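Here the structure comes first, spelled out in structure tokens, and everything after it is commentary.
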Amino acid sequence: GSDDDNEGKAGSSGGSAPDKVTYITGFGTFGREAYAYVAQDKGYFSDAGVSVTIQPGQGSAISLAALAGGRAQFAPVDLSSTIMQVGGGKVSGVTAVAAVHQTTDAAVMALADSGISKPADLEGKKIADPAGSVIGALFPAYAKLAGFEADKVDFVNLEPQQLGVNLATGKVDAVGQYRVGRPNIENAVKGKEVVVLPFGKFLTESYGSAVTTTTKIAEKDPDLVRRFTSALLKGMRYAIDHPEEAAAVLAKKHPTVNEKAAAAEIELLGEAVQPKEEGAPIGTMDRERVAGAIKALADAGAVKSGLTPEQLVSFDLVPKS
Amino acid sequence: MLRRVMEFGWPVLGLAAAIGTWALAVVVFDVPEIVLPSPADVLDAFLRVPGYLLGEAVTTLVVIVLGFALAVAAGLLIGVAIAASRIVELMFSPLLVAFNAVPKVALAPLLVVWMGFGQQPKVVMALLVCFFPVVLSVAGGLTSTPVELVELARSLRASRTQTFLRFRFPSALPQIFVGLKVAMPLSAVGAVIGEFSAGDEGLGFVVVQSGANSDTALAFAAIALLGVMSVALFYALVLAERTLLPWVRETTSQR
Amino acid sequence: MLRRVMEFGWPVLGLAAAIGTWALAVVVFDVPEIVLPSPADVLDAFLRVPGYLLGEAVTTLVVIVLGFALAVAAGLLIGVAIAASRIVELMFSPLLVAFNAVPKVALAPLLVVWMGFGQQPKVVMALLVCFFPVVLSVAGGLTSTPVELVELARSLRASRTQTFLRFRFPSALPQIFVGLKVAMPLSAVGAVIGEFSAGDEGLGFVVVQSGANSDTALAFAAIALLGVMSVALFYALVLAERTLLPWVRETTSQR
Amino acid sequence: MIRVRGVSKSFDGRRGTVEALRGIELDVGDGEFVAVLGRSGCGKSTLLRVIAGLLPASAGEVRIADEPVREPRRDVAILFQRPALLPWRSVLDNVLLPIQVHGQPRPEHREAARQLLSTVGLDAPFHRRLPHELSGGMQQRVALCRSLIQRPRVMLMDEPFSALDALTREELCEVLQRVHMEYAATVVLVTHSIEEAVLLADRVVVLSPRPGQVRTVLDVPVPRPRSLGHDAHATELARCRAELHDLLLASHMTGV
Amino acid sequence: MIRVRGVSKSFDGRRGTVEALRGIELDVGDGEFVAVLGRSGCGKSTLLRVIAGLLPASAGEVRIADEPVREPRRDVAILFQRPALLPWRSVLDNVLLPIQVHGQPRPEHREAARQLLSTVGLDAPFHRRLPHELSGGMQQRVALCRSLIQRPRVMLMDEPFSALDALTREELCEVLQRVHMEYAATVVLVTHSIEEAVLLADRVVVLSPRPGQVRTVLDVPVPRPRSLGHDAHATELARCRAELHDLLLASHMTGV
Ligand SMILES: Nc1ncnc2c1ncn2[C@@H]1O[C@H](COP(=O)(O)OP(=O)(O)OP(=O)(O)O)[C@@H](O)[C@H]1O
Ligand SMILES: Nc1ncnc2c1ncn2[C@@H]1O[C@H](COP(=O)(O)OP(=O)(O)OP(=O)(O)O)[C@@H](O)[C@H]1O
Ligand SMILES: Cc1ncc(C[n+]2csc(CCO)c2C)c(N)n1
Ligand SMILES: [Mg+2]
Ligand SMILES: [Mg+2]
């Protein structure tokens, strides 16, 4: 485990023993996840009296299961995902406490030479996307707003790790990807130009991922939640301001990381993280927008309507200016 | 008569015990459905889309059987080559072992890029996952013929082919069947892993799809179907063994 | 002398041939590195972070060995139980087969939830992936003792334990070793699958991470290390077999 | 000691049934030495295995020491037609097997085993060898030692000397007679050799083949120890031999 | 026909070396019948296996029909000490095995096999059974039929009658003599029975044990066909028998 990172840094808040928590990243150890490692490396967590173990994640479903099963206490989970799982009755007892992406980071990427340059070009094309992914779920809503027919697009199931290869070799015309994943895809297709069609352009209400915890923790120890999220978001702030350094921190911890791509991802991340409302802090969440995000998914048929924002977000714990 | 009945009774009892323990565990430890659904949840999930699940099961079954058949063919071929020549053994068996230690999931991208999204990469995956036990048991069986039988073959000046066909192979059959029995469920694993990684058919797809949707109960229903099919295929193999190798039961002591 | 040399020469030749074919294929078919890196790319990737890779390899090695050891223990236990009692066999072997047909990757989330992110779930995964061949070979070996030996045991009024220890078990050993040899690389597969699905250590983690970064060469380097370790473990097993069971080589005909 | 009552045995194979034994009646007294003689395939081994409790009779009953036999007994040693040595055990350990099955072999057991082995002509260098390194006759002698080390009250022996040369056989016949007298053991010896039967047995049971039935029981009224060289009772022995020869021939005629 | 020159054989085991044969010299003429007699473990089987080409000699050379023997030859039939039947083949198919290995069995081969089986006393119902359903002696007879069906020019037989009763043995000795004369086959017969050696062989080679060495070669100057019942040459045969008995005993004394 990565527990050893915490050694030698006594908890400072109140002098009591630090709270031990496990944090699961959104997916793996991409540059877009660097902020947690930065918070760890810079001692923001220990300053906040939290001893954090960071574990690379495997996607929303597994993160939610780990939260529900008590194996992890915090994880950034795509809010759309949470809406669908909670709305479908599969998951309960989890709540979002801070936004990571203010706008959904979902996107579709294609090679420039495939002739795809705008959303409508996707009609009649083959898009690869992992089974059950958020991108696939949001796609109908996106198509509706972007003005083309989702039914005319051919979706194929493909594991996340295979997206780049299959785009590069022309097996598929486009892939579902997070917007920040662009450097990674560019790396995979080796120099060819990549076209990005971000969903956020049309799905303006939808958040991307949000720091999620269990309702139990949110109710029993709101202080822990506040300390943790503020340290995490402090890491985020620092990472966005110092992409190269953040990438280096990540690469030091995980030598498999491509430092250049990671730095580029972090650059891209800043845009999505920045609150749209003037003066609002990173991580802010708005009740109306969450309601809008729910509605967008309900309209797309991805979830039954009737879900309230309070079932998903603990607004009292969300960072406020 | 009672014996016959119990041949079916005991497995049912075993199944009942397993399901009972599972149901109890879910209740006692208050496990959330997303982590471990109860048997009732799984049944519900199955009854929600029985036709769909059975259809996907058939898709997967075809892959399992094809992959297994190819694995048997490949395993026989390689096993025979290894048994026939010390040089082949020395040259290639380390490579085989190394290859077998590769988690085949890691090879999925290659397969998809080469073979696309159809049935083929799944069949190949099933083959790759399950051929090694066949190779080892074939090679092992063929190289442990009792000396007296091989001496008999030599004394008759049997050619290599004849020695193989009439002496080594029949006497290796009991061991080969153990390999086949190990390979059979592995073929199921391979088929499903293949379906995990690409394509939108089969129980494997159902498992990832429902897993990503946190519909663990549906994933379990698919897995249960997979289990049922594998058990049926496994016992078909056991039956084949009994019919084809009557002398084995009578010259060895079962219990 | 020459023989001894060739015992090492042939495998090296085999490896060279394999790597040569691979290198050639990459060049001839102009395969992009992301699909299939050339051997040189893989070597480069290894030399980029050799210390890190070796460290992760050791982590994985420990998991493989622990998982294998537990699988042998569990396999012996279950195999003996199945061989000892027809009722146990009837009740539980279908369940075992069904369980073995479940792709263990599908259970990874469950394991994480039960056991967290440490070494334990990986060891358990290695165990789960590789114990079935051990069970089958133990049960198979124990239930195919030559009748004459079992009659001898009966004629001496050997207790069940004695019959097992002094007659059935030694005569099952050659078959059990085949099971162990199948299980050894599977344990590596299990360990890596475990590392795939949780935690941030081991070669499995390296494979997913580098795969996700489209750094296929690094993934292959990790896989190659895994292969090397498995081959070493496999031949340790072969050596153990030769030393422990000298009579087998002399009463059976290798070739 | 041994009481065989109306024992029949059929084997049900996939290719039909073989009636191996029919209505066998036989009493063997305490300390008596009975030989079972018959042609190849007439059911001698089957009878011995039924008496041993290794094979259930299809009909009838076997009693030893007044207890019905269902499983082999500890006080009965069985010597099989094939040596059935454990291929992974040295010669000495094969001989010690019965001791080990019932407990821990002590030094005196090892001594006894060594003693026995050299009595049958297998000296020290062979004790540590594995069975496959022995000749057929040597293996048979090891099996003989294994059955003798138990000092059994009853010995059931299936052609123990078939793979041995005339001289070794004579020597071992002597050993067996000695053991029989020393331990006061009850012996049932299956043999295909008239010679052996006459030399060793108090009574000879002649089986006629297919199905195996008791044709005659012949007394050999010659005092022990007997030997082939010995000429005192030569005519008596010769008479028995001739009679058995005729009986076997006759059993064959009527039997098939 | 067969020429054995200075053949020695040692086995290197993990527990040291056994010298099984030393400096064996032996010539067997075309159509001659030679018996190899010796005590258990003296190296008879080893010698036969070296002649057969199954075992390489440590020193010396064997030639058959003037060709050095390195591998078994097609015109040589070998009968092993253990029956070595294929457990998955019926009796008939076991007998037909040599034919099948060399080609396709034709109806006349099947007929010949059936004929042979009934000659050795195994009638039709047994032809379709599997070996494990047979008694020890029956298995040995099946193996005999298997070696005879090839109509070999040379027959190397290792104790073919050891598991058979006196009468069956006599019958089969007769069969073997007939075959020997009809096919004009050269026969080397390993046996532990003086009786058998004298009855069948033109010459008897007596081996002394450990290491196996040729002690004497005894001629049996009695015309064929011979039989035990036949009294014409009774004294001659008896003399041979007595002489062999003494030789064996002596070989034992000096040998160990
Ligand atoms: N494979 C082997 N390894 C080691 N020693 C062996 C082997 N085969 C035979 N021997 C030894 O060689 C000697 C001669 O054995 P062989 O089988 O030739 O005897 P034999 O005359 O046929 O005896 P028998 O009449 O008992 O069959 C014996 O001392 C035996 O222990
Ligand atoms: N397991 C079996 N299955 C079927 N038939 C059997 C079985 N064992 C023996 N028989 C048959 O029973 C009969 C008697 O066999 P048994 O072994 O008792 O003969 P035997 O008198 O010991 O002969 P031998 O002197 O040749 O050893 C034979 O006809 C044999 O074919
Ligand atoms: C190479 C690569 N692998 C995984 C992910 C992350 N990811 C996990 S699920 C999913 C699809 C949308 O839900 C994506 C993209 C990535 N970004 N790039
Ligand atoms: Mg018998
Ligand atoms: Mg011999």
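Chain letters run A, B, ... following the sequence lines, proteins first, then strands; residues in each count from 1. For clarity, every value in this text was computed on a predicted model and none was experimentally measured.
Between chain C and the residues A/Gly69, A/Pro56, A/Gly28, A/Ala66, the most heavy-atom pairs under 4.5 angstrom are made by A/Pro56. Interface remark: of the candidates C/Gln119, C/Glu33, C/Met115, C/Met115 forms the most heavy-atom pairs closer than 4.5 Å to chain A. For chain C, the option among A/Asn166, A/Thr256, A/Asn258, A/Val257 with the highest count of heavy-atom pairs below 4.5 Å is A/Thr256.
Only the side chain of A/Ile24 comes within contact range of chain C, with heavy atoms under 4.5 Å apart. For A/Ala188, the parts sitting under 4.5 Å from any heavy atom of chain C are the backbone and the side chain alike. C/Val49 touches chain A through its side chain: at least one heavy atom from C-beta onward sits under 4.5 Å away, while N, CA, C and O do not. For C/Phe196, the part sitting under 4.5 Å from any heavy atom of chain A is the backbone (N, CA, C, O) and nothing else. Using a 4.5 Å cut-off between heavy atoms, C/Ile34 touches chain A through backbone and side chain atoms alike.
When ring centroids are compared, A/Phe228 and A/Phe74 come within the 6.0 Å threshold.
A salt bridge between C/Lys122 and C/Glu201 is absent, with no side-chain N of the basic residue lying under 4.0 Å from a carboxylate O of the acidic one.
Using modelled atom types, one side-chain atom of A/Asn157 and one backbone atom of A/Ala131 make a donor-acceptor pair closer than 3.5 Å.
Residues A/Ala110 and A/Ile116 come closest through the heavy atom pair CB-CD1, 3.7 Å.
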- Query: Would C/Glu195 and C/Thr60 count as a side-chain hydrogen bond (donor to acceptor under 3.5 Å, both in side chains) if you check the C-alpha gap in whole Å, the side-chain angles of each, and the deciding distance to 0.1 Å?
  - Reply: CA-CA 8 Å; C/Glu195 292 166 347; C/Thr60 303; 3.0 Å; yes
- Task: Could you go through the side-chain hydrogen bond (donor to acceptor under 3.5 Å, both in side chains) check for A/Thr29 and A/His254 one step at a time?
- Result: CA-CA 8 Å; A/Thr29 58; A/His254 290 300; 5.4 Å; no
